[in-house]
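In this text the structure is predicted, and so the values were computed from the model without any measurement.
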Amino acid sequence: MQDDYQLFVQNIKSSTGIDLGLYKEAQMKRRLTSLREKQGFTNFQLYYKSLIKEPDMMEEFLTRMTINVSEFFRNPERWEILEKKIQELEVSRRKIKMWSAACSTGEEPYTLAMLLRNYFTYNDFEVLATDIDKAVLEIAKKGFYIERSLKEVPREMLDSFFVKSGSGYEVKEEVKKTVKFRQHNLLSDNCETGYDLIICRNVMIYFTEEGKQALYKKLSDSLRPGGLLFVGSTEQIFNPKLYGLESEDTFFYRKASS
């Protein structure tokens, strides 16, 4: 008899296109077993039958399968390096094109937009921010954050790009307009090309080696020649040349010119 969880993985892929088999099984199974039991189901097949009928349950499933931990300027020393890379960018006839992949609740793409505004006008760049989870994207679009999320934001940037609102701060509308949020599955959906920078941090650690390799290739293909990929602190690419990339700095990789 086929394993209950493995059948669930097949059914989810068939009905949603999400391939749970590309995530590390022990972590994902533990997380989803906890959610299934919380919903009162004794096995994954009963859970699946309700999941595909109930949109709210599906939203909770998508939320649980991802880990949404974010803050502005997370790992600030890495952002200092990125800021130096941003200063090297040149505006030509086209806009500077950036992508924050697996953006969670929006702190990362807004951080990027604020850094860009320190050196360019709002018309000079565009930021795409994507995540598989609709619920976190709705939070991101609102752009409201409690003070804890802002602890690494320099005072001058807080004054320039945020408005105090109740118990927290809201990102100014002029910054929001530069970031376009979109639902996107990194492992199965197509990606745009021609990016000057892609940030993809703290998501690859949940994927199998097969999933990581497919994603590295996809991200590399989405960069323009000379474009940068910025990954998380536990996500170093040990053989970047396999994907047409060159090591630029710790956790930064540049797309080979050809």
Side-chain angles (χ1 to χ4, degrees), residues 1-72 74-75 100-109 129-142 145-146 148-149 181-189 191 199-216 218-219 231-237 251:
M1 182 178 175
Q2 189 168 21
D3 179 86
D4 179 49
Y5 179 73
Q6 290 304 323
L7 186 55
F8 176 77
V9 169
Q10 286 183 16
N11 288 335
I12 287 292
K13 184 176 181 180
S14 172
S15 58
T16 70
I18 296 169
D19 189 353
L20 294 174
L22 293 174
Y23 292 78
K24 292 178 180 176
E25 182 174 325
Q27 293 177 352
M28 185 58 67
K29 186 175 181 180
R30 184 167 58 248
R31 200 175 305 156
L32 295 181
T33 297
S34 172
L35 178 60
R36 185 202 79 199
E37 291 174 346
K38 173 190 163 190
Q39 298 281 8
F41 297 100
T42 56
N43 62 58
F44 278 105
Q45 293 321 297
L46 292 174
Y47 177 49
Y48 173 74
K49 287 175 183 177
S50 291
L51 197 63
I52 58 175
K53 294 176 184 175
E54 301 289 341
D56 289 346
M57 196 176 289
M58 179 62 78
E59 284 298 321
E60 188 174 14
F61 160 71
L62 291 174
T63 300
R64 183 59 67 91
M65 64 171 281
T66 55
I67 297 294
N68 298 307
V69 179
S70 190
E71 62 186 39
F72 287 86
R74 187 177 184 187
N75 306 123
S100 170
C103 69
S104 187
T105 45
E107 290 92 336
E108 180 178 276
T130 64
D131 202 279
I132 196 172
D133 186 348
K134 275 185 182 177
V136 299
L137 290 173
E138 290 305 313
I139 294 170
K141 288 175 186 176
K142 291 174 184 173
Y145 300 95
I146 58 175
R148 187 180 63 200
S149 297
F181 290 97
R182 184 186 305 163
Q183 188 177 28
H184 181 268
N185 184 336
L186 270 175
L187 292 173
S188 64
D189 292 344
C191 303
I199 304 178
C200 188
R201 305 170 76 206
N202 308 308
V203 66
M204 288 182 261
I205 55 173
Y206 303 112
F207 298 156
T208 62
E209 284 306 310
E210 179 189 359
K212 288 179 187 177
Q213 289 166 15
L215 184 54
Y216 294 149
K218 184 178 284 191
L219 295 175
V231 301
S233 57
T234 60
E235 299 168 323
Q236 286 176 279
I237 304 174
F251 314 122

Any donor-acceptor pair under 3.5 Å linking the side chain of [X] with the backbone of [Y]?
X      : Y      : answer
Ser14  : Gln10  : no
Lys218 : Gln213 : no
Tyr145 : Thr105 : yes

(request) Using the test ring-ring contact (aromatic ring centres under 6.0 Å, His included), find all partners of Phe207 that sit at least two apart in sequence or belong to another chain. (result) Tyr23
Do [X] and [Y] make a side-chain contact, defined as non-hydrogen atoms from C-beta onward lying under 4.5 Å apart?
X      : Y      : result
Leu32  : Phe61  : yes
Leu215 : Leu186 : yes
Thr130 : Asn185 : no

Interatomic distance, [X] atom [atom1] to [Y] atom [atom2] [nearest 0.5 angstrom]:
X      : Y      : atom1 : atom2 : result
Arg36  : Leu51  : CZ    : CG    : 12.5 Å
Cys191 : His184 : SG    : NE2   : 4.0 Å
Ser50  : Phe41  : OG    : CZ    : 3.5 Å
Lys38  : Thr33  : NZ    : OG1   : 14.0 Å

(message) So, using side-chain hydrogen bond (donor to acceptor under 3.5 Å, both in side chains) as the criterion, who are the partners of Gln39 when residues are at least two apart?
(response) Glu60
Please report the closest heavy-atom contact between [X] and [Y], naming both atoms and the distance.
X      : Y      : result
Asp4   : Phe44  : OD2-N, 2.7 Å
Met204 : Lys212 : O-CE, 3.1 Å
Glu108 : Ser100 : OE2-OG, 2.6 Å
Gly21  : Thr208 : O-CG2, 3.7 Å
Gly211 : Leu187 : O-CD2, 3.9 Å
Pro109 : Phe181 : CG-CE2, 4.0 Å

(message) Parallel, tilted or perpendicular, judged at 30° and 60°: which one describes the rings of Tyr47 and Phe8?
(response) parallel
(request) Answer with yes or no whether the side chains of Gln45 and Asn11 bring together a donor and an acceptor at under 3.5 Å. (result) yes
(message) Taking CD in Glu210 as the centre, count heavy atoms belonging to other residues, nucleotides or ligands within less than 6.0 Å. Is the count above 12?
(response) no
(message) Quick one, Arg30 with Gln27, criterion side-chain contact (heavy atoms from CB on, under 4.5 Å). Give me CA distance, side-chain angles, the key distance, then yes/no.
(response) CA-CA 5 Å; Arg30 184 167 58 248; Gln27 293 177 352; 4.0 Å; yes
Tabulate below the donor-acceptor pairs under 3.5 Å that side-chain atoms of residues 134-141 make, not counting sequence neighbours, or state none.
from   : atom 1 : to     : atom 2 : distance (Å)
Glu138 : OE2    : Lys141 : NZ     : 3.3

